[in-house]
Structures are given as structure tokens and as C-alpha cells.
**Q** 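Supplied in C-alpha cells, the structure appears directly below.
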Amino acid sequence: MKKPDQFQTRIMLSGNMKGGVGKSSSTLIIASELTLNYFKKIIVLDCDEQSTISKTRSMDAQLFPKWAAPYEIEKTPLKNVIQRIKELKSKNEHHFIIIDMPRITEDMNNPSISFDIVQLLAVVDFLFIPFIAETMALQTTSDFMQYVNDVKQWKDEKGYPFKYIGFHNRWKNAAENKDIPDWANHINLPLMKNHLNDSTLISRHYSSYFSLTQRKGGKEIIKPFMDELVQFLNN
């Protein structure tokens with residue numbers, strides 16, 4: 001593996017304005033897999049007020065006190081995240097900084113909320129957008145994509161890197177999913193071919209210390225998803 005200082009630290013965001021779509025769980029899965037199976041040096045900035053990721057790390061540390069944490073997790077308020085990113089990028093000690101975006105579902109006409117979203121997207125190299133096939137979640141994702149498309153246009157004009165892709169979280173092989181491709185095409189959201197399935201494995205057993213591929217059935221679900229995601233990062 002190349003040393004991290006041979007790479008330019010890149011910024012990844014697990015983003016959606018809606019809570020409950022799997023931003024925190026997918027952030028932990030991605031961070032753990034990139035570290036343990038793809039040998040990347042990762043730091044996660046937990047900006048979510050619910051602190052799901054930070055709480056998971058605390059529980060893991062209590063369960064496995066003799067184990068060293070495989071990657072760093074920092075609780076970082078949204079108001080401080082831009083400055084923290086600047087500090088980390090100046091050190092260039094990580095392959096990726098992964099940000100867990102907080103839920104932002106207040107009045108979207110509030111200029112300060114719009115500014116927070118745009119400012120965060122402006123510093124991101126890669127954006128992963130988890131969503132679920134529920135009416136409110138799809139509408140909120142559509143609202144979020146208006147910001148994403150505006151930032152994409154601005155970054156393209158400036159020549160700044162910015163790639164984004166959506167993935168269906170808690171996917172079920174049900175009739176409700178048949179309209180998802182048309183919906184995604186309408187809002188200009190490219191989709192991953194692989195999903196994070198609705199399964200006990202993912203909903204109950206994700207960890208900040210271990211790879212889900214080590215659990216029964218995990219390799220069949222997680223490896224195709226991660227292989228596709230890593231290909232997206234490398235292209």
C-alpha cells in the first residue's frame with residue numbers, strides 16, 4: 001500500500017437532508033470497508049446531532065478494550081467542519097475524510113440553511129446519497145438534488161472535481177421500487193447498480209471495528225457494493 005502522503009486527501013460526504021435514510025450506517029460501513037479491506041487511511045467527521053457514529057465507536061471501544069480502533073472518528077459540529085477539513089487537508093495524512101451529514105429538514109426557505117448545505121457541498125470531492133423508497137424520503141432527496149445540481153454546475157465552471165451517486169438503502173425486491181430509476185433520471189441522480197439490502201446484517205451488526213464481510217452472508221451483500229463504490233472513486 002502506498003503511504004497516505006503520496007495521495008491528495010479527498011473529501012467524501014454521505015449526504016441527504018432527510019434523517020433515517022441510512023447516512024450514518026452507510027458511512028460506518030464505507031469507512032470500515034475502505035480501511036480494513038481496501039487499505040485506505042480514513043478519518044470520519046461525525047456532524048450528526050444524534051452522534052450515531054460516535055456512539056457506535058464508544059460502544060465498540062467498551063466491547064473490545066484491547067483492540068486498537070482501525071480509523072479515527074471525530075465528533076465535529078457542522079459549524080466547525082469546514083475549518084476542520086482545511087486543517088486535515090493541510091496535513092495530508094489520510095486518503096479520505098468522510099463526513100456524515102446531519103439531518104437538515106427545517107424551513108428550506110431559510111437562507112442560513114441553504115448556505116450551510118451549499119457550503120458543505122462546495123468542499124466535497126465525492127458525494128454518496130443514500131435514499132429509501134418512501135414518499136417523504138424521495139421528495140426530500142429530490143429537494144437535496146436541487147442543491148447538488150447547482151453546485152455541480154458551479155464546480156464544472158470552475159474546473160473543481162465533484163462526483164456524486166445515489167444508492168438505494170434498505171432495498172427490498174418489491175413493487176415500490178420499480179419507479180425508482182425513472183425518478184432518479186428525472187432529478188439527474190445516477191444510481192449504483194448494487195444496493196444495501198434490507199437485512200438484519202446491516203441494520204444490527206455494522207461496526208466501527210470490524211468488516212461486515214466477516215459475518216455470515218456479509219461478503220455476498222457488501223463486497224459487490226464496495227467494489228462498485230471503489231471503482232466510482234477511482235474513475
Side-chain angles (χ1 to χ4, degrees), residues 1-16 21-48 52-57 59-61 64 67-76 81 84-85 88-89 91-101 120 123-130 161-169 190-197 199 201-203 205-215 217-235:
M1 180 183 72
K2 295 182 180 179
K3 294 181 179 179
D5 61 7
Q6 292 179 266
F7 292 80
Q8 180 181 2
T9 300
R10 294 182 289 177
I11 315 302
M12 298 166 55
L13 173 67
S14 178
N16 199 320
V21 297
K23 294 191 298 290
S24 297
S25 59
S26 58
T27 296
L28 273 173
I29 291 170
I30 291 169
S32 297
E33 299 303 321
L34 284 177
T35 300
L36 298 169
N37 290 327
Y38 297 87
F39 311 111
K40 303 299 182 184
K41 188 170 184 183
I42 304 293
I43 182 169
V44 173
L45 303 184
D46 181 6
C47 299
D48 190 358
T52 301
I53 289 176
S54 299
K55 291 175 181 177
T56 300
R57 170 55 59 82
M59 289 188 292
D60 286 340
F64 309 102
W67 289 72
Y71 55 90
E72 302 167 76
I73 294 174
E74 289 186 8
K75 178 63 181 170
T76 309
V81 71
R84 185 60 181 136
I85 288 171
L88 291 168
K89 288 196 71 172
K91 295 178 181 179
N92 202 30
E93 295 175 346
H94 303 86
H95 294 99
F96 294 104
I97 301 167
I98 307 180
I99 306 165
D100 183 30
M101 178 177 169
L120 185 57
V123 301
V124 169
D125 299 306
F126 301 104
L127 170 63
F128 300 98
I129 305 173
F162 185 55
K163 294 175 62 179
Y164 59 89
I165 197 165
F167 60 88
H168 198 157
N169 199 25
L191 297 179
M192 292 181 63
K193 295 178 181 178
N194 291 284
H195 318 102
L196 288 179
N197 295 349
S199 68
L201 171 74
I202 292 174
S203 63
H205 297 300
Y206 62 83
S207 167
S208 71
Y209 270 42
F210 301 105
S211 166
L212 281 178
T213 60
Q214 296 173 340
R215 291 188 173 270
K219 190 172 183 178
E220 290 77 10
I221 296 174
I222 301 300
K223 191 175 187 305
F225 175 84
M226 286 302 303
D227 284 347
E228 182 181 358
L229 187 146
V230 169
Q231 185 177 15
F232 170 79
L233 292 174
N234 291 334
N235 286 344

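Starting from 1, each residue takes its place in the sequence as its number.
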**Q** Using the side-chain contact (heavy atoms from CB on, under 4.5 Å) criterion, which residues pair with E228? Sequence neighbours excluded.
**A**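 E228 satisfies side-chain contact (heavy atoms from CB on, under 4.5 Å) with M192, K193, N194 only.
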**Q** What's the separation between atom CG in L45 and atom NZ in K75, rounded to the nearest 0.5 Å?
**A** 11.0 Å
**Q** Rounded at 0.5 Å granularity, tell me how far CD1 in I29 sits from CG in N169.
**A** 7.5 Å
**Q** Restricting to side-chain hydrogen bond (donor to acceptor under 3.5 Å, both in side chains), what partner residues turn up for K223, sequence neighbours left out?
**A**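 K223 satisfies side-chain hydrogen bond (donor to acceptor under 3.5 Å, both in side chains) with D227 once adjacent residues are dropped.
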**Q** From I53 CD1 over to I99 CD1, what is the distance, rounded to the nearest 0.5 angstrom?
**A** 11.0 Å
**Q** Could you tell me which residues satisfy side-chain hydrogen bond (donor to acceptor under 3.5 Å, both in side chains) with S208, sequence neighbours excluded, listed by chain and number?
**A** R57, D60
**Q** Quick one: are I73 and L28 in side-chain contact, heavy atoms under 4.5 Å?
**A**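 I73 vs L28: side chains touch.
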**Q** Using side-chain heavy atoms (C-beta onward) and a distance below 4.5 Å, is F167 in contact with L229?
**A**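 Result no, sub-4.5 Å side-chain heavy-atom pair not found.
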**Q** Please enumerate all residues that pass side-chain hydrogen bond (donor to acceptor under 3.5 Å, both in side chains) together with Y164, with sequence neighbours excluded.
**A**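 Only N149, N188 meet the side-chain hydrogen bond (donor to acceptor under 3.5 Å, both in side chains) criterion with Y164.
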**Q** Only counting residues at least two apart or in another chain, list the ones meeting side-chain contact (heavy atoms from CB on, under 4.5 Å) with S211.
**A**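 Expected list: E33, L36, N37, T213, Q214.
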**Q** Grab the two heavy atoms, one from N16 and one from P130, that are nearest each other, plus how far apart they are.
**A**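 Result for this residue pair: ND2-O, 2.9 Å.
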**Q** Just so I know, are the side chains of L34 and M226 near enough to count as touching, which here means a heavy-atom distance under 4.5 Å?
**A** yes
**Q** Return the CD1 to CZ distance between I43 and R84, rounded to the nearest 0.5 Å.
**A**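 With rounding to 0.5 Å, CD1 (I43) is 5.5 Å from CZ (R84).
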**Q** Rounded to the nearest 0.5 Å, how far does CH2 of W67 lie from CZ of F210?
**A**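 That separation rounds to 4.5 Å.
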**Q** Taking all atoms of both residues into account, what is the closest heavy-atom pair of T35 and P70, and its distance?
**A** CG2-O, 3.4 Å
**Q** Look up atom CD1 in I97 and atom CD1 in I11, then write down how far apart they are to the nearest 0.5 Å.
**A** 3.5 Å
**Q** Between R215 and I222, is there a side-chain heavy-atom distance shorter than 4.5 Å?
**A** no
**Q** Does the side chain of N92 pick up a donor-acceptor pair with the side chain of T9 at under 3.5 Å?
**A** yes
**Q** Quick check on side-chain hydrogen bond (donor to acceptor under 3.5 Å, both in side chains): which of R10, K41, K40, E72 does H94 satisfy it with?
**A** E72
**Q** Indicate yes or no: at least one non-hydrogen side-chain atom of T27 is less than 4.5 angstrom from one of D48.
**A** no
**Q** With the side chain counted from C-beta on, respond yes when I30 and S14 share a heavy-atom pair under 4.5 Å apart, and no when they do not.
**A**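 No, side chains not in contact.
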**Q** Suppose we screen for side-chain contact (heavy atoms from CB on, under 4.5 Å). Which residues come up paired with K55, at least two apart in sequence or across chains?
**A** S51
**Q** With distance as the sole criterion, is a donor-acceptor pair present between the side chains of Y209 and S32 under 3.5 Å?
**A**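 No, S32 and Y209 have no side-chain donor paired with an acceptor closer than 3.5 Å.
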**Q** Heavy-atom distance under 4.5 Å between the side chains of I98 and F128, does that happen here?
**A** no
